[in-house]
Structures are given as C-alpha cells and as structure tokens.
Amino acid sequence: MEEQIANTSEVKEESKNFIEQFVEEDLRENKNGGRIQTRFPPEPNGYLHIGHAKAICLDFGIAKKYGGICNLRFDDTNPVKEDVEYVDSIQEDIKWLGFQWAGIYYASDYFEQLHELAIRFIKEGKAYVDEQTAEEIASQKGTPTIPGTESPFRNRPIEENLKLFEQMSSGEIPDGKMVLRAKIDMSSPNMHFRDPIIYRIITSHPHHRTGNKWKVYPMYDFAHGQSDYFEGVTHSLCTLEFEVHRPLYNWFIDQFAGTDYRPRQIEFNRLNITYTVMSKRKMLQLVNEGIVRGWDDPRMPTICGLRRRGYTPASIHNFIKTIGYTKYDGLIDVSLLEHAVRDDLNANATRVSAVLDPIRLVLTNYPENQEETMVAINNPEREEDGTHEIQFSRELYIERDDFMEEAPKKYFRLTPGKEVRLKNAYIIRCTGCDKDTEGNITTVYAEYDPLTRSGMPDSNRKVKGTIHWVSVRHAIDAEVRLYDRLFVVENLQEEKDRDFHEMLNPNSLTVTTAKVEPWLSHAKPLDHFQFQRIGYFNVDPDSKPGALVFNRTVSLKDSWQKELKK
RNA sequence: UGUCUUGUGGUGUAAUGGUAGCACAACAGUUUUUGGUACUGUUUGUCCUGGUUCGAGUCCGGGCAAGACAACCA
C-alpha cells in the first residue's frame, strides 16, 4: 500500500495539439450540448494515402478521446470522377488502420435536401441561374486583387430562376449551358464569395450510387458544410487549403440553420514527405502510365502500398503521433516514417537468414556428408517468441560483401587469416578463395573450430564479426524486391516547373533472387521478417508455394555503409 | 500590389508571461553471437526590429519571408 504513493505526480501529461485544445474549450463552454461528432469525408476518386491516414487518425482519434462518434462520409458530388472501386478500397484501408466508423453516409444521401435548399435560396433571392459560359464567368470573377463584375443574369426575377433551375434539374438543359450561383458579393476580397457556383448540370456520367436520377449536382461548398449540419457534425476537421472556404462554410449554414447547434470547421496542416508525391492526380498518373505496378505498388505512399511494402498499422499510428498537427505547412523527413516501421518491426519481426548476393563458402575441415541442426532465436527482443531450427553443412552461402581478399583494418568480416563467427553456429578462420579469370571471387575457403558451436564454452571467445549464412544443400530460392525512393528530388512541391518524370528514380525497384532458409517455405503473404543484418522484409501477395516473393520494407541501419562513405 | 494563414536546431514538434524540452537525423563512445537493438554523451534553435513587463519564444506595433485563394474539382 505504501509503495503506491510515489510516481503518480511524475507522470508527464501529454501535450495537446491546438485542435484538442479547441475541442476542450468548446466542451467547457458546453457548445452543442457537450456533444462531439466528427467525420472523415473522402471523395471516392482515388486510393487513400498516408496523408489521409493523418486525417483519419485525427477524425477518429478526437471522437474517441472525447467520447463522441466519427462517421465515414463519402463526398460524392462529382460523378465524373468517382467510382465504387474507390468506395470499397477506402473502407478496407480505414479498417486496416484499426478504426470503425459509427455510421456510413454519402453526400448523395442529402441530394434531395440540398436540392430543396437550393430552391429555398432562389426563393429568398439568394441564388440565380447564370447562362454564361465557364469562360465568361471566370473572366468576371476578377482576381484576388481586382474585384469581379456582376453577371448580366444576376438580377433576373425569382420566378424565372425557379423555372430555369427546374429545367436544369429535369434534364432539359444540356451540360454546361447553365449553372446556379449563390448571390453574395462580386467584390468580396474572398474569392469564394464572388457568387460561387452551387449547382452544375451533369448528364453525361451516371452517379455511382444514384445512377441517372439527378441531372444537377451540388458543388463542394454547397454540399460539405450542409452535410455536416444535416448529420450533426460538431467539429469538421480538414486541411489548410480549406481555410479560405471557412467563411463561406459558415455563411451558407447561417442562411438556413437554426440557432440550436453549429458545426465548426478547423484546419490543420496536410502531410508532405520528402522524396514523395502526395497528390492524387500525380499518383493516378503514376498508375495509369505504368510507372508503378498499381495503386498498391510498394513504392506508393498509399495505405495499400504501405501495407504491401510491410508497414504495420502500429508503425503508421506512431509516425502520425510523432509528426503532430499544427498550422505550419512543413515537409516531413521520410526518415521519420522509416524509423517508425523499424521501431515496430524490431520489436515484432521474426529473425531469419537470407543471403541476397550469395557466394559459396566451403568449410574444408567439415565432413562431406555431415549435417547439423542449429537453434535460431526468433526474436532477441522478445524471448517468448521462441526458436526455430536451421540446418548446417559443409557448404554455405554467405553475402559477397562479407568477404574481402584484402580488407581495411576496420573490416570485421571474413578475410584470409582472420576469424569470424557464423551466426548460431561455429567460429571459422578464413584460409583463402578461388577467383575466375576476371578476378571475381567464386568460392571462399575456411576451417571451422569444432569446439565453438553455439552453446559450447569455447563459443564465448571474443570474435569481432558475426556473419549470417544458409546451407547450400538446404537453401531455397526466393524472389526479393528491393525498393528505393520513387523520386530523387527532396521537395517535389518546390519543383513546380519541372515535369515529375525527370525527377523519378530509375532504380526505385531492383529484383533479385536470394537464398533463404527452408523454414521460410511456409511464410504467408504479409508476414513480416527481419533478414538478419540486412533489413525488414514481408511476403508479397504475389508469393506462391514454391515461389516465394519478398518485399524489402526498409533496410536495417548500417553503420558499416556509413564508415565506407567516409 | 487584396484576403486569410504560418514562421522555435538539419527535419518535425513541445513550452499557454517564469530554467527553450522531446523525437528523428548527424557525430563520438559503451554493450552486443545482427556493424541491428539498447544505453551514454556531443553539435545545432525562438525570422528581424521596436515596445509593454521584474521577466517575452509567448503579449502589442512595424518590417521580412513562406503558403493558400481567381475549377461548372474536392
């Protein structure tokens, strides 16, 4: 009992981000009756990426933390770009990240209400039908520093607006011939108030949910805030580029809502990562042009790409926790992401042996037909994960990098005359090597010390280096896909004038055949492993029995490589 | 020459008028049957300039810089 006293006061309270502070303020003032409700509002026109994961963690996280709910709402107001393919993948990715929405909604659920609202706006003289072309409307819009001019149709009678909007809605008017605009202020310093278009005609594309029922569709500004209001959202969290929309968001709601409750839009910084594109348009281009193998290519920053690459939900959560939410539009170093996945996989991935660039090592004093079974610890970070068996014999594969005929003094691996430890096996001394006519090493020779098998007293002898190996006789082949960053430019956004094709890394994918221990033959797609001394790998869904395929998630940190670069 | 927003080590993020801290990165070292992990240490920071205050990263004024906004996209 007495021991409990200490520590409680020492626990450092985690600092809150500015959004949590706003939410707590609202709660303190009992806004909206103390209710908390958020939503994640993706447009189903592409796959979710790591930037969306940041928004998802916030939307669902805030709801959970403050005892509220979070809905999934598809912002499907533009049938030209949207598709059910995306609706399905988005749900899968959110679940994979570990979140569950309270309700699932679509902006299209509100098309009826939105349409009625538009009619109400017309009747109240707050909206009009404009018959000008897109170009004419654009030219009248002015610029951020020059006020716009009013449309010649701005003051047509309410009855006429009503009739024309009815014709737009019934399909009598072809696409692009008319739009419905809110009548606000053509000289507003906020461009979004210059009579924004709130409804346009789309008859060319059926909607993925409502089919051909609707001929007119609401624009984002007329749909998003209203949907939030209809649904009961209290905190509408979005990225910085919607900051300028907020006054309009509020204005629209003020035109029709009661005083009982108000949703509040709060904006945070979107995620930018070095050497990475984060725009749906560019990603679509990468996919469509075959630069990558699909949305789930392990080089893509999509959720499904990261999953296939071997990232775990926990690693993504931790990454997002690290980067935080602010209003500063920065650029996150990709090493933070890599650290997050190394950290998780170090604690959880089973260690195995794989030789990516094999050369043959012959232990000349080891009996020809002898075999031994060695014990390999599955994870030194977690003893309860147990061990598995590996086979040892006279001929082994080792990494080409782990032998040098003439080595610098800091080289701790195999070199003639020197000792090295074979992981989980014996200490050996190198005696020489064979080379082909071009001078390439073909075989390395060594003698093993029979008294130094792992577990024997002599095995405790100090040896500077330890290398991994697989038995030639037992090893199985596996395809290994090595990934590098997709782009060679650190800040893609800074290179606005350059075509992104010329910034692609030509070596972002290297495919090789590795020799791996036979214990891996039963590995299943998405299983994570650490290839000892090399990196973290997972099994690609392309993998089949007898034809294993691994993806390199991320390499291990390599201080020898750093030493070499000096 | 508009409106809105943002400036804290190389990167990101804390400090809510009271010792500028944390993570990553970098560097040096200890431990190690992974040149991994873990641990220790080091380097580097409040955009500038006035003011208020006993005290300013924080509040106020003026600069400077960066970003967003001119789609019948979201």
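Residue numbers begin at 1 in each chain, while the letters A, B, ... track the order of the sequences.
Using a 4.0 Å cut-off between charged side-chain N and carboxylate O, A/Arg73 and A/Asp228 make a salt bridge. Of the charged side-chain nitrogens involved, none lies within less than 4.0 Å of a carboxylate oxygen, so that A/Glu43 and A/Lys81 do not count as a salt-bridged pair. The pair A/Glu399-A/Arg413 fails the salt-bridge criterion, with no side-chain N (NZ, NE, NH1 or NH2) lying under 4.0 Å from an Asp/Glu carboxylate O.
Dashed line: the shortest gap from a side-chain N or O of A/Thr326 to OP1 or OP2 of B/U13 is under 4.0 Å. Of the side-chain N and O atoms in A/Ser559, one or more sit less than 4.0 angstrom from OP1 or OP2 of B/G36. Phosphate contact (OP1/OP2 of B/A71, side-chain N/O of A/Asn78, threshold under 4.0 Å): absent. At B/A70, none of the side-chain N or O atoms of A/Arg194 fall inside 4.0 Å of OP1 or OP2 (strictly under the cut-off).
RNA chain B lies under 4.0 Å from at least one heavy atom of each of the following residues of residues 197-210 of chain A: A/Ile197, A/Arg200. Contacts of residues 456-467 of chain A with RNA chain B (heavy atom under 4.0 Å): A/Ser459, A/Lys462, A/Thr466.
Residues A/Asn190 and A/Ser188 bring no donor and acceptor atom of their side chains to less than 3.5 Å of each other. Between the side chains of A/Asn379 and A/Asn348, no donor N or O sits under 3.5 Å from an acceptor N or O.
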Write down the protein N/O and nucleotide N/O pairs, taken from nucleotides 37-43 of chain B, whose separation is under 3.5 Å; answer none if there are no such pairs.
{"from": "B/U37", "atom 1": "O2'", "to": "A/Asn346", "atom 2": "ND2", "distance (Å)": "3.1"}
{"from": "B/U37", "atom 1": "O2'", "to": "A/Glu381", "atom 2": "OE1", "distance (Å)": "3.2"}
{"from": "B/U37", "atom 1": "O2'", "to": "A/Glu381", "atom 2": "OE2", "distance (Å)": "3.3"}

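Between the CG atom of A/Asn190 and the C1' atom of B/C4 there is a distance of 8 Å, rounded to whole Å. The separation between A/Arg382 atom CZ and B/U34 atom P is 19 Å, rounded to whole Å. When the P atom of B/U5 is taken as reference, atom CZ of A/Phe268 falls 18 Å away, rounded to whole Å. Atom OH in A/Tyr249 sits about 23 Å away from atom P in B/A68, given to the nearest Å.
Ring-base stacking between A/Tyr328 and B/G7 is not satisfied when judged by a centre separation under 5.5 Å and a plane angle under 30°. Remark: ring of A/Tyr220 does not overlap the six-membered base ring of B/A74 in a stacked fashion, as centroids less than 5.5 Å apart with planes less than 30° apart are not both met.
B/U43 sits 23 Å from B/G36 when the P atoms are compared, rounded to a whole Å.
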